Asks: 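Quick one: structure below, then a few questions.
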Amino acid sequence: MVKYIDLHLKKPAKSDELRSMLTHAKRLGFGAVGLASSDPHNLRDIGRGFDIDVVTRVDLRPESGRELLRLLSNLRWRYEVVAVECTKKEVARQSAKDHRVDILNFSPSPITRMKVWFDRQEASLASEAGCALEINISDILRAEPFQCAKLISVVRAEIDNARRKDVPVVVSSGADSPMLMRGPREIVALLDLLSVEEEAGREMISQNPLMIVERNRGKMAPGFVAPGVRVVEDGR
Amino acid sequence: MKMAARGVRRRYLSFQILSEGRFKEKVVEEAIMRGILTLYGMKGLSQANPQLIEYDAEEKKGILRCSHTQLRQVRASLAYITNLEGLSTSINVKRVSGTLRALRRRQTQSFTRPTPSTTSISVP
């Protein structure tokens, strides 16, 4: 059975909305959600109460490459998923090169996005470092029609660049309230606007995010030494 | 023997509106049409040929009929709707069926599917 994952739920403005978002995610058919929060410790326990797996996530928004490196060295292994919102070219390049970054995000504004976006060089760097490109559906839903059309055209080119270099694409809701959340089939249907086929769309909301989460949980598990190498028994 | 002329096959979608407000059938129908028109234009709207079969304003549930070839586009258009009459709204498709009878039968059946357990993400 396919497990759908919404890897990007933002912390809602009202604290009591978080629980309704988790209930709604479960009702929509998601097996796991990624929750962006400054406090990762309580999130998994909250998720257990709603029978949904919660993946801890941090969204970084550095102003420079140096700040990004400082944030990564402090925060990387406190969260299961690290995403970087690239608002500057320097940050985008540095993030794409860094193995500690899991997800690259870009501005929802089409004007900014046309200046700093997931171009071919970015895709080459991301491919070598194992980063994924994330598309937030809420960016499309929130935009006015003309802005939405421009945004869709940029995102379509980004997905094309990602596919050329075998960079995984992850599609999430990016919602900060239950009203902006959509079911997995609805998200796959919306990807028709980005010229993404149904099968590929399903992978973007199931296999691709699952791969990132499993990889990082493996690294954070006790006994991890390197990919494929674990301490099974300590002989001391 | 004369074969019965077959038109385009149809799909019936049952949907649920999530919103603070209650809306009239006409408002919901217009919003759906506008959604398809915005995303796919006049050509898309004519190809989808949507029709609101029934709508319960109290429960905020309805059934929409559309062409089977445009099902994905209609789903996308429903997902695209974010507000009705100025109120924040989302429309979730609950079920899709090829016939209205099968859709209604599944809706009235009170069986509960066992809910899948929490994703078992393996940790090697």
Side-chain angles (χ1 to χ4, degrees), chain A residues 1 3-5 24 26-33 47-48 50-55 80 137-138 140-142 145 148-149 152 175 177-183 185-193 197-198 201 206 209-210 213-224 227-230, chain B residues 11 13-21 31-32 34-41 44 47-48 50 60 64 66 68-97 112-124:
Chain A
M1 194 175 164
K3 298 291 183 193
Y4 296 108
I5 301 178
H24 194 48
K26 181 73 188 172
R27 204 182 305 134
L28 287 172
F30 289 103
V33 291
R48 244 175 248 126
F50 294 90
D51 193 27
I52 192 166
D53 190 5
V54 172
V55 178
E80 289 163 330
I137 290 296
S138 59
I140 293 172
L141 296 179
R142 281 189 168 124
C148 184
I152 284 172
S177 80
M179 293 300 177
L180 277 171
M181 293 171 68
R182 297 291 183 268
R185 288 187 179 85
E186 277 62 54
I187 292 177
V188 171
L190 279 166
L191 293 177
D192 179 57
L193 298 171
E197 311 79 26
E198 233 174 298
S206 57
L210 186 63
V213 174
E214 280 185 342
R215 179 185 71 198
N216 289 344
R217 281 187 172 169
K219 286 182 184 174
M220 290 167 84
F224 175 81
V229 181
R230 261 176 71 225
Chain B
R11 288 290 179 266
L13 298 84
S14 70
F15 62 88
Q16 171 85 57
I17 294 179
L18 184 70
S19 178
E20 283 176 8
I32 293 171
R34 213 176 309 120
I36 301 173
L37 191 65
T38 303
L39 292 187
Y40 296 103
Q47 284 174 335
K60 292 188 255 187
L64 181 74
C66 70
H68 86 284
T69 53
Q70 303 299 306
L71 176 61
R72 192 181 177 197
Q73 287 77 3
V74 170
R75 250 195 145 116
S77 306
L78 291 175
Y80 184 68
I81 294 170
T82 53
N83 79 79
L84 286 175
E85 292 190 321
L87 293 172
S88 195
T89 300
S90 76
I91 299 181
N92 299 316
V93 173
K94 291 290 187 189
R95 216 178 273 280
V96 179
S97 178
T112 48
R113 250 192 213 162
T115 51
S117 59
T118 309
T119 303
S120 53
I121 295 176
S122 60
V123 173

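In this text, all values refer to a predicted model and were calculated from it rather than measured experimentally. First the proteins, then the strands, lettered A, B, ... as listed; each starts at 1.
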Asks: Could you pull out all residues at least two apart from A/Arg182 that satisfy side-chain hydrogen bond (donor to acceptor under 3.5 Å, both in side chains)?
Replies: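 Checked A/Arg182 against side-chain hydrogen bond (donor to acceptor under 3.5 Å, both in side chains); zero matches.
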Asks: Is any side-chain heavy atom of A/Met179 closer than 4.5 Å to a side-chain heavy atom of B/Thr89?
Replies: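 Side-chain contact under 4.5 Å: no.
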Asks: Hey, could you give me the CZ/CZ distance between B/Arg72 and A/Arg185, rounded to the nearest 0.5 Å?
Replies: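 It comes to 13.0 Å.
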Asks: In Å, rounded to the nearest 0.5 Å, how long is the span from CG of B/Asn92 to CE of A/Met181?
Replies: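 With rounding to 0.5 Å, CG (B/Asn92) is 9.5 Å from CE (A/Met181).
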Asks: Among residues 74-84 of chain B, which ones touch chain A with a heavy-atom distance under 4.5 Å?
Replies: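 Within residues 74-84 of chain B, the residues that come under 4.5 Å of chain A (heavy atoms only) are B/Arg75, B/Ala76, B/Ala79, B/Tyr80, B/Ile81, B/Thr82.
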Asks: Quick check for you: among A/Val188, A/Leu180, A/Ile140, which has the greatest number of heavy-atom pairs under 4.5 Å with chain B?
Replies: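 Greatest number of close heavy-atom pairs with chain B: A/Val188.
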Asks: Can you say whether A/Leu191 sits under 4.5 Å from chain B via the side chain, the backbone, both, or neither, judging by heavy atoms?
Replies: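 Its backbone and side chain both get close to chain B.
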